[in-house]
Structure formats: C-alpha cells, structure tokens
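In what follows, chains are A, B, ... by sequence order, proteins preceding strands, each numbered from 1. Both backbone and side-chain heavy atoms feed into the values below; hydrogens, waters and symmetry mates do not.
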2 protein chains.
Amino acid sequence: MENPTKPTPEAGPASPDKPSDTPGQRGATRAQVEQAIRTSLLTGRFIPGKAVTLRGLASELGVSPMPVREVIQRLAAEHALVIKPNGRVQVPEMSSERFDEILKARLLLEPEVAAMALPHLSASDAAELLDIDLEIDRCLESGDAVGYMQLNHQFHFRMYQKSGSQILLPLVESLWLQFGPYMRMVYGRVGTANLVDWHKQSLKAIETRDATALRQAIASDISDGMGMLGRDCLPTL
Amino acid sequence: MENPTKPTPEAGPASPDKPSDTPGQRGATRAQVEQAIRTSLLTGRFIPGKAVTLRGLASELGVSPMPVREVIQRLAAEHALVIKPNGRVQVPEMSSERFDEILKARLLLEPEVAAMALPHLSASDAAELLDIDLEIDRCLESGDAVGYMQLNHQFHFRMYQKSGSQILLPLVESLWLQFGPYMRMVYGRVGTANLVDWHKQSLKAIETRDATALRQAIASDISDGMGMLGRDCLPTL
DNA sequence: TCGCACTAAATGTGATCACAACATATTGGA
DNA sequence: TCCAATATGTTGTGATCACATTTAGTGCGA
C-alpha cells in the first residue's frame, strides 16, 4: 500500500489535542461553529453582501469545511445567509421590502411572545432585565454600537425565553438573524443615540403585570428602533 | 502520477449517465432530496417519532449520504426534523403545547399574509383557487386524506404566494412542515369530514376585495381545522 | 428463566479528495 | 490602448473513508 495519501485522520469528533475539552459530544464542533457564526451575524461582524466562503470560515475557525457546510445550510434555511444560484454564499442584502416585512413580522410576533412570557417573569427576572438596560444606557452614551446590539438582544431574549415558547421563539430568532447585519451597518452610520427608552416602559409593565402595556411597549420599541433605521439609508443603498 | 487510488469518483454534481437531465445545476441533487423529504413531510409519509437515518434516506433516494446530511440540517433548522442529543434524527412528535403554539402562530401570521396577497389576487387566481377547492370537496367525500392535505396546502399557498412575501411566507411554511406529519396521522384516524368550508368564505372575500373578511375566513379555517384535530387525540398520545 | 456481559451491526461526525463551475488574473492580438 | 481569449486560482458539491458512539443482538452464567 505504501500509504499513498498520508491520511493522518486525526479522527474523532473532538480535537485530538484537547482530550479534556469536549469529551466526544455529538456535534460539538458543529455547535461551536454555529454559535460563532450566529454571534458574528447578530453583532454585525458580517456586512450585508459580504461573501462567505466555506474554506475561509473553516480555516478561520480551525475546523474542516465539513461542519461549516452543515451550519451554512442550517443558517441558509433560516434566511440568515443566502445561497446564490451559483452556489456562492453571502450575507443577505437588505431591501426596502425586506425591511418593511421584517418590521411587520416582528410587530406581529414579539409583543405576543412578550405577553406569553409575562406570567413567568419574576421580580428577579425584572431586576436582571433592569441591569441589562442600565448597561445599555451606558453603551448608548459611549456610542458602543456592538455592545448595544449584544445587550439589546439580551434584553429582548431574556424576556422572550421566559415564554417557554418552542415555536414562536425560533421564528423571532430567525428574524433577528436577518436584520442583525444590516442593523450593525446602519448603527455605525447614524449612531445609537436619541432612542426613546421603551425598555423602561416594558419593565414598568412587567411590574404592574399589565400584558397590554407590555405588548404596547415592545411594539413601540420595535417600531421606534427600526423606524429610525429604515428612514434614511435604505433608499440610498 | 500512477493514479494510486482509482476511486471511480463518478464525479460531478449531476448523474454522469444522464447528461440531459440536469446540466450541472449547482446543488441539483440537494434540491431534489430536499423536495422529496419536504413533500414526504407535508403529505404525512413520515410519521411523528419515526426515525430518519442518513444512509437509509440516501440509498432510498439513490444518492450519497452527503446531500442528505445537508438537507437534514436544513430541515432541522426549520424544526421540521429534530436532531436528538445523541445525533439521531427523527420526525418531531406533537405535544399539546406545541400544538397550541403552532395554532397561535398560524393565527398571527396567515391572516396577515392573506391580506397582503389580496391586492395581487386577480379573478383568474380566484378561479384557480375555486378549482382547487372543488377538488378538495371531492376528496372530502371520498375520504382521500392525502389528496385533501395536498390540495389544502395548495389552496393556502397559491393564495399566500401572491403576497410576494419573502419573510412571512417562509415562516408560515415552517409551521406547516411542523404540523404536517401530525395532521396526516390524525386525519387518518378521525377522517376529514364535517369541516365547515371556510375556503368558500375566503373566495367570497376575495371577490368583494374585503381584507377584513378574508382575514376572518382564514383565521376561522385555521381554528376550525386544527381545533377539530387538537380536541381528541393529543391527550391520548 | 432471567439478567448481564459481550459482540456485532448501524449511525452520525469529521476529514479528505476529485471534479465542474465560476471568478479573476494574464496574455495575446488588433 | 483596449478588448477578447486564455490560463490560473478559488469555491461549492458529491463521494468516500475512518472512527467514536450507540443500539441491537447473542450467548453465557447464575
């Protein structure tokens, strides 16, 4: 056989050089890759229109192209990435229609999810949300766009997760993944200031157990935040 | 080079023995596999809880496990399949909570999508929908559950597609994929009769360009159809 | 007869390879 | 100088392999 193609399989799902890291968890590499790309998307490390290559991501993450392929298919199914007719993968570009639709979908789903979460939101949950919001205020003052985006995502999803929803929540996550890259791009341009703080209104509604007020606050937060985004840049893109 | 390992790759995305079939379309095999599994899901060929194996599907479809892997990841991202902690893949089982949530999500999204489609629904579209509905009536009489499911899917999505929605429509498709297998199982048990024909009401609303009436008809159709399903069998599962 | 250890088959995962399609760079000619 | 044709590198795709893990199956012993 002469060992024609030194396969050096280095086999095994987990990195062989770190036996104590992940002891053979099924799909551990794939999960790590997915988490990496998702946060890259949500924090705007990927710019809309940016080309995403299998081998590029793979070498960047230090894994083989194999798990990256599966993750890309997975994210493409959620429309967080697009596979062009020639097979090339890229971060989807925003359009006026897409933007309006995402806004509409968020307004349909998120207030409802928040209302579903309300009965399960304890006082300690509210306190945690307040902490996040205070940190958001700091990011707004210092103009930290990435920090704002991460914390804003945390604020909403810490709340939404309490709904225990297995159906609606993934739909909402898909929406966030879709406008994340665009959001980052625009925030970098127009800044993150002068946002009315509907988060505070949400917290007040949580304290008073007022589902209608919570729905309204979330809806306003969405309309306000995205309304500020959609007004200027989209037609010029 | 001596060609050390004649792998007989039969390389190429398309079958080499059928050069006129798909002339090298990128991802043609994957698309074919995905379509096959999707329709299997929507028409209930896959029973909830059924185990789905890579090699099984691959040999069944006459392809390598490779494209099947990607499609499974894709469908798992839409929650049309679930990947259990040990990696095994199976059709998701229905639960009372899941069912209620899917119902809620459908009621939130589908009336809105229908209303979005209304301005683009021409008279010929209405006629086409009527044809489908008449065929549905025939299936209901003859008790053809599979035919009913396919045509019901057609009725709704022919309408929804006219909305031109790129965001909401995929969300709705994901929902249908999730309750498809369960729907089939229950229809086989309780039959498809005694459904109030809200499709006719929808058609009337389309003729009169009444968005509110269309929303209401769609919502009633959803509530009625799924209400009949959810009442009996779920607790006994 | 039942329970448990052991063996064997099956399954998902990660890696690598060969190839066709595509994009880009390079070169040749007018 | 400019454009077309070619050559080169890159990218996604499908296939196959090796391996860890898990499941099913079997036989042995109490």
Cation over ring, A:Arg38 on A:Trp176, under 6.0 Å and within 45°?
-> no
Sorted by first residue and then second, give each side-chain hydrogen bond (donor to acceptor under 3.5 Å, both in side chains) pair with at least one member in residues 62-72 of chain A; sequence neighbours left out.
-> A:Arg30-A:Glu70, A:Arg69-B:Glu70, A:Glu70-B:Arg69
Side chain to side chain contact (heavy atoms under 4.5 Å, CB included) with A:Glu101: which residues, sequence neighbours excluded?
-> B:Met116, B:Ser165, B:Gln166, B:Ile167, B:Leu168
Starting from C1' on C:dG12, measure out to CG on B:Leu54 and report it in whole angstrom.
-> 7 Å
For B:Gln154, the side chain to side chain donor-acceptor pair (under 3.5 Å) test, sequence neighbours excluded, returns none
Are A:Arg55 and D:dT10 close enough that a side-chain N or O sits under 4.0 Å from OP1 or OP2?
-> no
Would you mind classifying the nucleic acid contact of B:Val52 as base, sugar-phosphate or nothing, using non-hydrogen atoms under 4.0 angstrom?
-> sugar-phosphate
End-to-end axis angle, where each axis spans five pairs of the helix from C:dT1-D:dA30 to C:dA30-D:dT1, to 10° = 0°
Looking at DNA chain C, which of residues 79-88 of chain A put a heavy atom within less than 4.0 Å of it?
-> A:Asn86, A:Arg88
Selection: residues 61-75 of chain B, any non-hydrogen atom under 4.0 Å of DNA chain C | B:Arg69
Sequence-distant partners of A:Val146, side chain to side chain contact (heavy atoms under 4.5 Å, CB included), two or more places apart | A:Thr43, A:Asp144, A:Gln150, A:Arg184
Who passes side chain to side chain contact (heavy atoms under 4.5 Å, CB included) against A:Ala80, sequence neighbours left out?
-> A:Leu41, A:Leu75, A:Leu177
Sequence neighbours excluded, the answer for side chain to side chain contact (heavy atoms under 4.5 Å, CB included) partners of A:Ser223 is A:Leu107
Residues in side chain to side chain donor-acceptor pair (under 3.5 Å) with B:Ser122, at least two apart?
-> B:Ser124, B:Asp125
The side chain to side chain donor-acceptor pair (under 3.5 Å) partners of A:Gln161 (sequence neighbours excluded) come to none
Would you say the side chain of A:Leu81 lies within less than 4.5 Å of the side chain of A:Val91, judging by non-hydrogen atoms?
-> yes
Which whole-number value in Å describes the distance from A:Gln90 CD to D:dG12 P?
-> 12 Å
All side chain to side chain donor-acceptor pair (under 3.5 Å) counterparts of B:Glu112, not counting sequence neighbours = B:Arg215
How close or far is atom C1' of D:dT11 from atom CZ of B:Arg26, stated in whole angstroms?
-> 7 Å
Rounded to the Å, how far apart are B:Arg30 CZ and D:dG14 P?
-> 6 Å
